[in-house]
Amino acid sequence: MHLQSTPAIADGLRKVESTVARLGGSSALPAINEAAERVIHAGGKRLRPALTLATALAFGKRLDRRIITAAACVELIHAGSLVHDDLMDGATQRRGIPTLNADLGRNKALVIGDFMLARAGLAAVTAVSRPVAEVFAATTVELAEGQFLETADLFNRERTQEAALRSITGKTAALFRASCLVAAICARAETEDRRRMAVYGERFGLIFQILDDLLDLAAPAGRVGKPTGHDLAQGVYTLPILRARARDPHLLDGDVNAILAKLNTAEIVEDTLAYCRELADEATAALPALREQDIAATLRGLPHAYLDQVSELTRRTTLRQVG
Ligand code: GRG
């Protein structure tokens, strides 16, 4: 079962939804509200706020107003960073609708993304707690740094695996880490248990990003809504590619088409999944002893379940290529 459809979490997510909508629609300027609400209502899996709720429940904490607000802040930070990401990418579609940069222009998209990030910070200070607000502020710093590192390394054929890992730790894994950590803080978990939940979230976030990068190379056509090799064409040399370069030092010589022609998709899939399995083992090993067994089991199974889901998707692609 998906985390988001676990009954107690699904119930909490409905409250998170109305809180995100209220926060996103709380500007004094109707035009900002309309744009932010459009991004929020367009969909999204709500995986990060689901992790916040699951962590709180696992520690035996009921889903009170503070937890719901913390989870809403997580989603608002995520959505705001997507607005910025689309702006930087020049993307025209997100969650099945036109991006704000395509619809309203770059400058308005920029400040609406700013509004969403800042509004989450304000809600955390006023309606959750100072320690949680500090986590969100530090996470936003990491998001910006992670994205900066990616930008600084565009088309850098010497990019190291360590540099790619550092970038995705900031741009993606930090928010997954925060999603778990803020719930542990709200649940007044012991310091060591907070640290363990943070490690779990970070490892899961790394898996999520690395598999997203893999799907860019090996998804069935149309699966991720962008052409295969989109990252490569944009000059983003992701971890699956850099690991393939370790096996073929001349892989990145030539243009995108030459690189794509040289890629051994089946090998990249196998190698990346094996790498992510190790991260999934680390994630589950990091989990602390949790009070609510059912939800703890769901959290324990989640990284490997996600891996299996992506493995199945990529299997269809490689079979299609072979057949
Ligand atoms: C925070 C100041 C500040 C700037 C933002 C642009 C940027 C810096 C960071 C980008 C971070 C980013 C967009 C990472 C990508 C993470 C990722 C895989 C997003 C897709 O997540 P899903 O699949 O999306 O969970 P949905 O739509 O389902 O919510």
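Note that these values count all heavy atoms, side chains included, but never hydrogens, waters or copies made by symmetry. Read the numbers this way: they start at 1 and go in the same order the structure lists the ligands and their atoms. FYI, the numbering just counts along the sequence from 1.
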Side chain, backbone, both or neither: [X] near ligand 1, heavy atoms under 4.0 Å:
{"X": "T172", "answer": "side chain"}
{"X": "H78", "answer": "side chain"}
{"X": "L117", "answer": "side chain"}

Review point. Is there a nitrogen or oxygen of R46 sitting under 3.5 Å from a nitrogen or oxygen of ligand 1?
Key: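 By distance alone, the answer is no.
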Exercise for review: Please report the C-alpha distance between R243 and T272 in whole Å, then the side-chain angles of each, then the deciding distance to 0.1 Å, and finally whether the side-chain hydrogen bond (donor to acceptor under 3.5 Å, both in side chains) criterion is met.
Suggested key: CA-CA 8 Å; R243 290 178 61 85; T272 305; 5.7 Å; no
Enumerated ligand 1 atoms positioned under 4.0 Å from heavy atoms of [X]:
{"X": "G44", "value": "26 (P), 27 (O), 28 (O), 29 (O)"}
{"X": "L143", "value": "1 (C), 8 (C), 11 (C)"}
{"X": "S81", "value": "6 (C)"}
{"X": "L82", "value": "13 (C), 19 (C)"}

Check your understanding: Taking NZ, NE, NH1 and NH2 as the nitrogens, is one of them in D85 or R94 under 4.0 Å from a carboxylate oxygen of the other?
Key ->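 Result for this pair is yes, salt bridge flagged.
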Exercise for review: May I ask you to say whether E17 pairs ionically with R46, meaning some side-chain N is under 4.0 Å from a carboxylate O?
Suggested key: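 So E17 pairs with R46 through a salt bridge.
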Heavy-atom neighbours of [X] [atom1] exceed 12 at 6.0 Å:
{"X": "D64", "atom1": "CG", "answer": "yes"}
{"X": "E158", "atom1": "CD", "answer": "no"}
{"X": "E134", "atom1": "CD", "answer": "yes"}
{"X": "R247", "atom1": "CZ", "answer": "yes"}

Which residue and non-hydrogen atom of the protein lie closest to [atom], and at what distance in Å?
{"atom": "atom 4 (C) of ligand 1", "answer": "H84 ND1, 3.5 Å"}
{"atom": "atom 21 (O) of ligand 1", "answer": "R48 NH2, 3.1 Å"}
{"atom": "atom 1 (C) of ligand 1", "answer": "T140 CG2, 3.5 Å"}
{"atom": "atom 8 (C) of ligand 1", "answer": "Q147 CB, 3.7 Å"}
{"atom": "atom 18 (C) of ligand 1", "answer": "Q209 OE1, 3.4 Å"}
{"atom": "atom 28 (O) of ligand 1", "answer": "K45 NZ, 2.7 Å"}
{"atom": "atom 27 (O) of ligand 1", "answer": "R95 NE, 2.9 Å"}
{"atom": "atom 12 (C) of ligand 1", "answer": "K171 O, 4.0 Å"}

Practice item. Check the angle between the aromatic planes of F208 and Y306 and answer parallel, tilted or perpendicular using the 30° and 60° thresholds. Key: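 The rings of F208 and Y306 lie parallel, inter-plane angle below 30°.
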Review point. Hey, what do you get for SG (C73) to CE (M116), rounding to the nearest 0.5 Å?
Key: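 So the gap between those two atoms works out to 12.0 Å.
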Review point. Given M197, which of I185, L181, T55 fulfils the side chain to side chain contact (heavy atoms under 4.5 Å, CB included) condition?
Key: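 Option passing the side chain to side chain contact (heavy atoms under 4.5 Å, CB included) with M197: T55.
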**Study point:** Non-hydrogen atom of F148 closer than 4.0 Å to ligand 1
**Key:**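 Heavy atoms of F148 never come under 4.0 Å of ligand 1.
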Review point. Under 4.5 Å between any side-chain heavy atoms of L82 and V39, yes or no?
Key: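 No, side chains not in contact.
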